[in-house]
Undergrad: 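Here's a structure for you.
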Amino acid sequence: MRFILHYLGHYKKLILINICSVFGFALVELGIPTIVANMIDVGVMNQDPGYIYQMGLLIVVISVVGVGGTILLGYCSAKISTSITRDIRNDVFDKIQTFSHTEFNRFGISSLITRTNNDAFQIQLFVNVILRTALLTPVMLGLSVFLTIRTSLELSAILAGTFPIIILGVVLVAWMSHPISQKQQKSLDGLNRISRENLTGIRVIRAFNNDAYEETRFNETNDAYTDHSKKIFKLMSLTQPVFFCLMNIAMMLIFWVASTKIDAGTLQIGKLVAFMDYLFHAMLSMMLFCSVFIMYPRAEVSAGRIKEILDTDPLIKNPEEGIHVQRNMQELAFNHVSFVYPDGEEKVLDDISFTAKKGDTIAFIGSTGSGKSTLINLIPRFYDVSCGAITIDGIDIRNFDLSVLRDKIGFIPQKANLFTGTIADNIRFGNRDASDEEMKHSADVAQAAEFINNKPLKYDDLITESGTNVSGGQKQRLSIARAIVHHPQIYIFDDSFSALDFKTDAILRNRLKAETGDAIVLIVAQRVSSIMDASQIIVLNEGRMVGKGTHQELLKACPIYYEIAASQLTKEELGNA
């Protein structure tokens, strides 16, 4: 509840207006029955038309005020609840941006989406009910009970007998719904996960003709979510018939007792009419107030899931007084770097040391799982080293402000990621202020200009979600263009040329030399032919550095590198080397 109150505190003025509207609405709802009772007992009994018209006019005025209060109450409730949901989603999104890869792996992408969307929506519904009901019903209930007691103490005793039964029922429903709500939200996580996997992997599913298997998997998860939802809805749906049953029983008892009192002349008909209206408002207010507690367990589960994200302390922290100085970098060094994944036990990298100076091209090669991608992921601090240090010009990268550090880097991942938008938008993602000339130049260097110019709208042509309307090689070239337009001081290519043919690869690398002459270039590659001209080649094997040197030096001194080269190059090429 504190979590919700924290956000409610941002809208004190609107809440104050909301409370005023509540009191106005309650006054109207309970004032009209009192006036009607007086009209019956005074105007009708005394046959005074003037009094009846006067009271009728007062009812019209109060009704108009009541309509205004209702509209204002609805507006304030909707405004506050939707604004709070917006604030929660903004805070969750901002928090997620600070997460390292560890936190993403811990929560899962699908769960983060569910918490941002569905869990925030559950809180919106709950807050709306609180503002419209939880504030209104205590006022209505208190005034209704007071007026019923004032009207007839004996009849009020019947009303009081129904309250404990309603409260007991609400406590039981809330107690039973809490664990079901937890299971429901977890099953929704699974539903989103399977849906996401199916949509992104539709080509693989169809290629292996596994549509039926995936349908079964989805149906099982969907059925689980449906079962939990049904249980929640059944519990909720029981409350209303039970309430009306109790109210009807109470009304029967009240009519029976009231008839004897009217017959004895101790109760007027107008008073009975007003009492029945007070009774309806009292019991309806009680039911509505209890519905808040019925909804609370589900909102509590959602709030807890969101709070878990907001309270998570990211493993990668931005230093409070991080270095913000933007200067030309001269040297990048790994000093006895070792790394173990947070949930792992064995070292993925062990005692890695090398130095890369401005203008150098450092290449990394090795078998699958040797730690190449992990190594370069340490530079932009996607993970932090477990031992040793990575330094830029002698300064540990953990001392840099994260935005400053990452601004120095142009990262081209192994899997090219494009965003929905135009080709120009995707290239300018690396530099929002890039001119048309800079954008076109980067595309030309990345060998993307030719296929872009063949598009109907050229740079304004639309890239669909996940870039499904461009080939793998085109994705990689656009990713490289995005990095070039950024003008970084460190270029990191994580096997970013794998989808290119040899001719395009050779032309692109040749063009890159002129662009990256004043920067450090780090390349993860599988093709030996692509890194033969590197200033330094580092050979990794099971996380250890087993070779370092030029292509020719490694052919002579590193058996693992020779095996890799021999599997790709001809004997003549090996001999010439």
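As the structure is a prediction and not an experimental result, all values here were calculated from the model. Index from 1, following the sequence.
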Undergrad: Less than 3.5 Å apart, any donor N or O on the side chain of N431 or H486 sitting next to an acceptor on the other?
TA: no
Undergrad: Could you tell me whether the side chain of T312 and the main chain of L310 form a donor-acceptor pair under 3.5 Å?
TA: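 Not at all, since once roles are kept as given, no pair shorter than 3.5 Å links the two residues.
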Undergrad: Does a side chain donor of either E103 or S100 reach within less than 3.5 Å of an acceptor in the other side chain?
TA: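 A donor-acceptor contact under 3.5 Å links the two side chains.
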Undergrad: Between P488 and A519, which heavy-atom pair has the shortest distance, and what is it?
TA: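 Heavy-atom minimum between the residues: O-CB, 3.9 Å.
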Undergrad: Taking only Lys NZ, Arg NE, NH1 and NH2, and the carboxylate oxygens of Asp or Glu, determine whether D313 and K317 approach each other closer than 4.0 Å.
TA: yes
Undergrad: Tell me the side chain to side chain donor-acceptor pair (under 3.5 Å) pairs involving residues 118-129, sequence neighbours left out?
TA: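 Counting only pairs at least two positions apart or across chains, the side chain to side chain donor-acceptor pair (under 3.5 Å) contacts touching residues 118-129 are S81-N128, T85-Q124, N118-Q185, D119-Q185, D119-S302, D119-R305, Q122-R298.
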Undergrad: Just do the side-chain contact (heavy atoms from CB on, under 4.5 Å) check on K186 and H228 with the steps written out, would you?
TA: CA-CA 10 Å; K186 287 183 179 179; H228 297 317; over 6 Å; no
Undergrad: Check the side chains of S373 and D494 for a donor-acceptor pair under 3.5 angstrom, ignoring hydrogens and angles.
TA: yes
Undergrad: Minimum heavy-atom separation for I306 and I123, please, with both atom names.
TA: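 Nearest heavy atoms, I306 then I123: CD1-CD1, 3.6 Å.
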Undergrad: Apply the side-chain contact (heavy atoms from CB on, under 4.5 Å) test between V92 and each candidate in D94, N90, I96; give the one that qualifies.
TA: I96
Undergrad: Between I492 and I412, is a side-chain contact (heavy atoms from CB on, under 4.5 Å) present by the stated rule, with each step listed?
TA: CA-CA 6 Å; I492 299 177; I412 303 93; 6.0 Å; no
Undergrad: With a cut-off of under 6.0 Å to the ring centre and 45° to the axis, is R527 in cation-pi contact with F502?
TA: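 Positive - R527 is close enough to the ring of F502 and near enough to its axis.
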Undergrad: Could you walk me through whether Q489 and D518 pass the side-chain contact (heavy atoms from CB on, under 4.5 Å) test, one step at a time?
TA: CA-CA 7 Å; Q489 298 180 41; D518 293 331; over 6 Å; no
Undergrad: Go through the steps for D91 and K95 under the test salt bridge (Lys or Arg N to Asp or Glu O under 4.0 Å), then give the verdict.
TA: CA-CA 6 Å; D91 289 347; K95 185 69 176 183; over 6 Å; no
Undergrad: I need the full list of salt bridge (Lys or Arg N to Asp or Glu O under 4.0 Å) pairs touching residues 425-434, with sequence neighbours left out, sorted by first then second residue.
TA: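 Output for this query lists R428-D436.
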Undergrad: Below 30° counts as parallel, above 60° as perpendicular, anything between as tilted: where do the rings of Y561 and H551 land?
TA: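 Y561 vs H551 ring planes: perpendicular.
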Undergrad: So does Q97 have more than 12 non-hydrogen atoms from other groups sitting under 6.0 Å from CD?
TA: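 Counting neighbours around CD of Q97, more than 12 heavy atoms of other residues, nucleotides or ligands fall under 6.0 Å, so yes.
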Undergrad: Any donor and acceptor pair, going by atom type alone, linking the side chain of N453 with main-chain N or O of A449 inside 3.5 Å?
TA: yes
Undergrad: Go through it in stages, so that I can follow the logic: the residues are S111 and R115, the test is side chain to side chain donor-acceptor pair (under 3.5 Å), and I'd like the CA-CA distance, side-chain angles, deciding distance and then a yes or no.
TA: CA-CA 6 Å; S111 181; R115 296 176 197 229; 2.9 Å; yes
Undergrad: Could you walk me through whether L332 and T355 pass side-chain contact (heavy atoms from CB on, under 4.5 Å), step by step?
TA: CA-CA 6 Å; L332 171 71; T355 300; over 6 Å; no
Undergrad: Which salt bridge (Lys or Arg N to Asp or Glu O under 4.0 Å) pairs, counting each pair once, include a residue from residues 538-549, with sequence neighbours left out?
TA: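 The answer is D350-R544.
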Undergrad: Filter on ring-ring contact (aromatic ring centres under 6.0 Å, His included), then keep only pairs touching residues 86-105, sequence neighbours left out; what's left?
TA: F99-F107, H101-F382, H101-Y383
Undergrad: Apply side chain to side chain donor-acceptor pair (under 3.5 Å) to residues D351 and S338 and explain how you reach the verdict.
TA: CA-CA 5 Å; D351 196 26; S338 297; 5.6 Å; no
Undergrad: Just checking, is any N or O donor in the side chain of T102 or Y341 under 3.5 Å from an acceptor N or O on the other one?
TA: no
Undergrad: Kindly state each residue pair satisfying salt bridge (Lys or Arg N to Asp or Glu O under 4.0 Å) with at least one member in residues 444-462, sequence neighbours excluded.
TA: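 Residue pairs with at least one partner in residues 444-462: D444-R511.
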Undergrad: Taking the six-membered ring for Trp, are F354 and F364 parallel (under 30°), tilted (30 to 60°) or perpendicular (over 60°)?
TA: perpendicular
Undergrad: Of all the heavy-atom pairs spanning Y562 and L555, show the shortest one and how long it is.
TA: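 So the two residues come closest at CD1-O, 3.5 Å.
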Undergrad: Does a side chain donor of either S370 or N541 reach within less than 3.5 Å of an acceptor in the other side chain?
TA: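 No, no side-chain donor-acceptor pair sits under 3.5 Å.
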Undergrad: With salt bridge (Lys or Arg N to Asp or Glu O under 4.0 Å) as the rule and sequence neighbours excluded, what pairs involving residues 352-379 come up?
TA: E331-K357
